[in-house]
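Fair warning: this is a prediction, and the values are worked out from it, not measured in the lab.
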Amino acid sequence: MLFRLCVVLLAVAVGLRAQTAGERPRVAQRYVIHKLEIRIIPDSAETNLPVTASQLRGIVSLQPTELTVASRILREVAYNGLDVPDFPRPITMIFARAYAEAVQHDLRYFDRSAADYDVLRLTDYVNQFGYHDAHVRYRFHIGQRARNNTLEYIVQLGRRYQLDTVVVLGLDELPDDIQRSAAAVARTVKLPQPYSEITVRSMLETLLDTLRNSGYIRAGYAQQRDSLAGERVRLTPVVTSDTIAKRDSVTVFLEPGKRYKVGSISVFDSARGNPIIGAELKARQLVLSPGQWYSPQGIERSIANLMALGTFDRIWADTTTSGDSLVNVRLFLYYRRVWEASIGWFFNSTFPDNFNNTGIDLTYLHRNLFNAAQAVTVYVRPTLRNTSYFAQLLPDSGLGRSFAIIDKDLESGLLFTQPDWFRISDRLRVDANAQATASYRFVVDPFKLLTLSLRAGVTVPLNGFEERVQVDLQLEANRPERFNEALQRAVERNPMIDSLLIRETLEQYRLLNAFTGGQLRWTSAIVALRYFRDFRNDLFYPSRGNTLTMFFETTVARLLSGYSQVQMTYTTYHPAGSGVAAFKFRGGWIWWHDPATTIVPFDRHYFAGGAISIRGYPSRQLVDLRSGGANPAELGTLTSYIGSGTIVELSAELRYSLSYYESLGDFLASQVSRLGFVFFADAGNAFNRLTRDAYGTARVGDVLNPSRWAWVVGTGIRYALPAGPARLDFGLRVYDPMQPDRRWITQRRVLGSIEWQIGIGHAF
């Protein structure tokens with residue numbers, strides 16, 4: 001009986017255990033994603049892939065955890081404490097709790113459903129590039145103690161399909177000229193080529209824009225009525241694939257709709273108390289007229305032309321249809337305040353002298369002086385030049401005692417611009433500009449120089465503000481004061497320096513003094529042709545795009561100045577991971593007509609070294625010894641007063657900015673996010689010193705010889721400001737052609753080969 005009772009109780013216990021086994025609470029462990037990897041397996045025959053792992057990383061929703069530096073430190077201390085049995089447990093738990101609180105909103109966990117969705121997204125993305133047979137899968141690797149988990153997506157592309165046919169339907173009833181334009185757009189897709197949805201879509205958008213800007217403002221994809229829902233739906237392009245031959249054909253159904261002309265054009269001025277621009281000038285900015293085929297692009301160009309006048313704060317366009325085929329246009333012009341005055345402190349870097357300068361700027365601007373958008377600017381600018389002298393590790397010696405270390409300059413001027421002076425064609429206008437400046441500059445104790453400059457020119461915008469050609473005529477007059485006294489003082493105060501070198505340094509000033517006789521006389525007449533292009537995506541913090549500046553100028557009258565000059569500067573910017581890669585090339589050459597009787601104006605001389613040049617050298621202190629005629633290391637500021645006739649510079653930078661770390665708090669995080677750092681490399685030199693004996697001693701082969709260049713590497717710190725970053729750069733002279741016996745850094749002391757520079761704005 002007892003045995004039977006035990007059996008029954010055991011059976012009941014087993015039954016209860018079986019019934020409640022499924023009810024026991026389960027806690028699913030969540031795994032943090034520490035690392036994300038995307039592995040692309042291409043077809044064996046393909047080498048140039050249109051997709052990269054970094055592109056695919058931006059598509060998936062599951063991303064790795066990104067910890068701040070402070071959180072990483074707490075994590076390592078806590079984990080190491082858990083791994084060491086003898087480490088005090090309470091201290092370990094303090095760090096563990098601090099780490100848990102710091103990262104509670106930063107950790108990203110693995111989600112199987114999200115990973116499955118990412119597989120579909122990746123498959124769809126590579127399908128757009130013709131990989132219709134691609135296979136995507138994922139693997140989640142759990143590291144030891146779940147501390148280093150890796151999510152890996154494997155993308156097996158397969159063979160890429162080729163696009164061999166594009167058929168556009170719906171344009172048969174259009175006029176012949178429109179059909180020819182459409183056919184020309186369709187031919188931009190060269191067939192056959194690897195399938196790319198982006199390429200096809202771009203062609204179709206260009207085709208639709210062509211139709212819309214030819215009056216077919218409602219052009220779009222054709223529609224048909226859905227048999228089930230009864231609603232009209234858009235017919236999307238159809239892609240037909242041959243899975244055997246791996247080829248695609250695309251069929252597109254377009255519907256141009258009605259064609260519209262421009263009806264009336266009305267302009268409404270919201271002057272807000274400011275003078276109104278004349279009707280004739282406003283009418284010249286419009287690229288549409290009543291009776292023409294309506295064009296949205298024409299409206300945009302008209303607004304851009306009006307905004308280029310500089311007198312409007314904003315412009316708004318409104319369109320209404322009239323009848324069956326007319327579009328009426330109304331433009332609303334909101335004026336800016338016509339004048340403004342300002343006073344402020346500035347710090348800048350100037351070219352070509354490579355100086356950092358600071359001073360006070362007083363400016364008055366009037367934007368519409370004679371009711372035709374004429375802008376007049378009047379300014380006064382006292383300036384201290386070469387303030388970077390205080391940043392040099394080694395002070396100048398020798399002539400630094402008698403030559404001005406910091407140039408003092410008082411400049412005032414008047415600038416006049418007349419936009420849209422006249423038209424060459426509908427797209428090409430000519431702007432006129434004129435400038436008069438007066439400068440009173442302290443050069444060498446007690447030598448002072450008064451300069452009067454008159455410039456007049458025309459500018460032809462080729463692509464709005466981004467691209468233009470400019471032609472200038474400039475006249476310059478000078479009056480030197482107390483030059484002979486300054487020369488005598490320089491010789492007397494520097495008995496250890498050959499007086500011939502001092503006189504050679506000031507030879508062009510001597511010629512200027514002799515030519516003018518101490519009176520204000522015209523010394524230069526210069527004609528210049530300049531080309532500017534700026535396709536950067538941001539003026540102060542570019543991350544992509546490029547700039548190109550080229551100019552040629554020459555003297556045209558038999559005055560004291562006699563030279564011709566050509567120069568090119570090119571910069572380009574590219575995203576590089578989380579940073580920006582920037583590159584610069586600058587090259588220039590001066591042909592000195594007659595070194596015995598003429599001069600090259602001092603603001604045309606080339607100088608190497610400084611915050612916007614080769615950053616391992618002080619401003620103006622880098623020259624080629626063979627064609628430079630002097631060594632700045634021995635003669636101090638001697639080279640600061642005579643430049644070179646040839647220059648070549650190459651620079652590369654990697655620029656990085658810190659992120660916004662919420663865990664630091666709003667204020668501290670906002671300040672940290674303004675910080676950045678760069679790694680840079682500079683190379684180049686200045687050749688053919690503009691003295692009678694040194695000029696012309698370096699040929700093209702010498703200038704292009706890398707062994708005669710200075711090579712500098714360095715790093716810098718940046719702090720973001722509205723007008724560009726404040727920066728501090730440290731340049732290390734890896735190869736120094738100015739020290740023939742100790743050119744390589746291995747032959748010199750490292751600390752003695754470092755130069756630091758300060759500036760506002762990127763170096764280029």
Would you sort out whether Thr569 and Thr549 count as a side chain to side chain donor-acceptor pair (under 3.5 Å), showing the intermediate values?
CA-CA 5 Å; Thr569 303; Thr549 302; 5.8 Å; no

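- Side-chain N/O atoms of Asn688 and Tyr606 include no donor and acceptor closer than 3.5 Å.
- A salt bridge does not link Arg727 with Glu653: every distance from a Lys NZ or Arg NE/NH1/NH2 to an Asp or Glu carboxylate oxygen is 4.0 Å or more.
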Run the side chain to side chain donor-acceptor pair (under 3.5 Å) test on Asp431 and Thr417 for me, step by step, so that the C-alpha distance in whole Å, both residues' side-chain angles and the decisive distance to 0.1 Å come before the verdict.
CA-CA 7 Å; Asp431 300 336; Thr417 60; over 6 Å; no

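- With Phe764 as the aromatic partner, Arg655 meets the cation-pi criteria of under 6.0 angstrom to the ring centre and within 45 degrees of the ring axis.
- The shortest non-hydrogen separation linking Ala763 to Arg615 is CB-NH1, 3.6 Å.
- Within the structure, every pair that satisfies the side-chain hydrogen bond (donor to acceptor under 3.5 Å, both in side chains) test and touches residues 296-312, not counting sequence neighbours, is listed here: Arg301-Asp426.
- Of the charged side-chain nitrogens involved, at least one lies within less than 4.0 Å of a carboxylate oxygen, so that Arg718 and Asp729 count as a salt-bridged pair.
- One finds no salt bridge joining Asp702 and Arg699 here, because no Lys/Arg side-chain nitrogen approaches an Asp/Glu carboxylate oxygen to under 4.0 Å.
- Between the Ser561 side chain and the Val600 main chain, no donor and acceptor come within less than 3.5 Å of each other.
- Counting only N and O atoms by type, the side chains of Asp538 and Ser543 include no donor and acceptor under 3.5 Å apart.
- Classified by interplanar angle (parallel below 30°, tilted 30° to 60°, perpendicular above 60°), the ring pair Phe730/Trp756 is parallel.
- Under the 30°/60° scheme for interplanar angles, the aromatic rings of His366 and Tyr364 are found to be tilted.
- Side-chain contact between Arg441 and Thr451 is absent, with no heavy atoms from C-beta onward closer than 4.5 Å.
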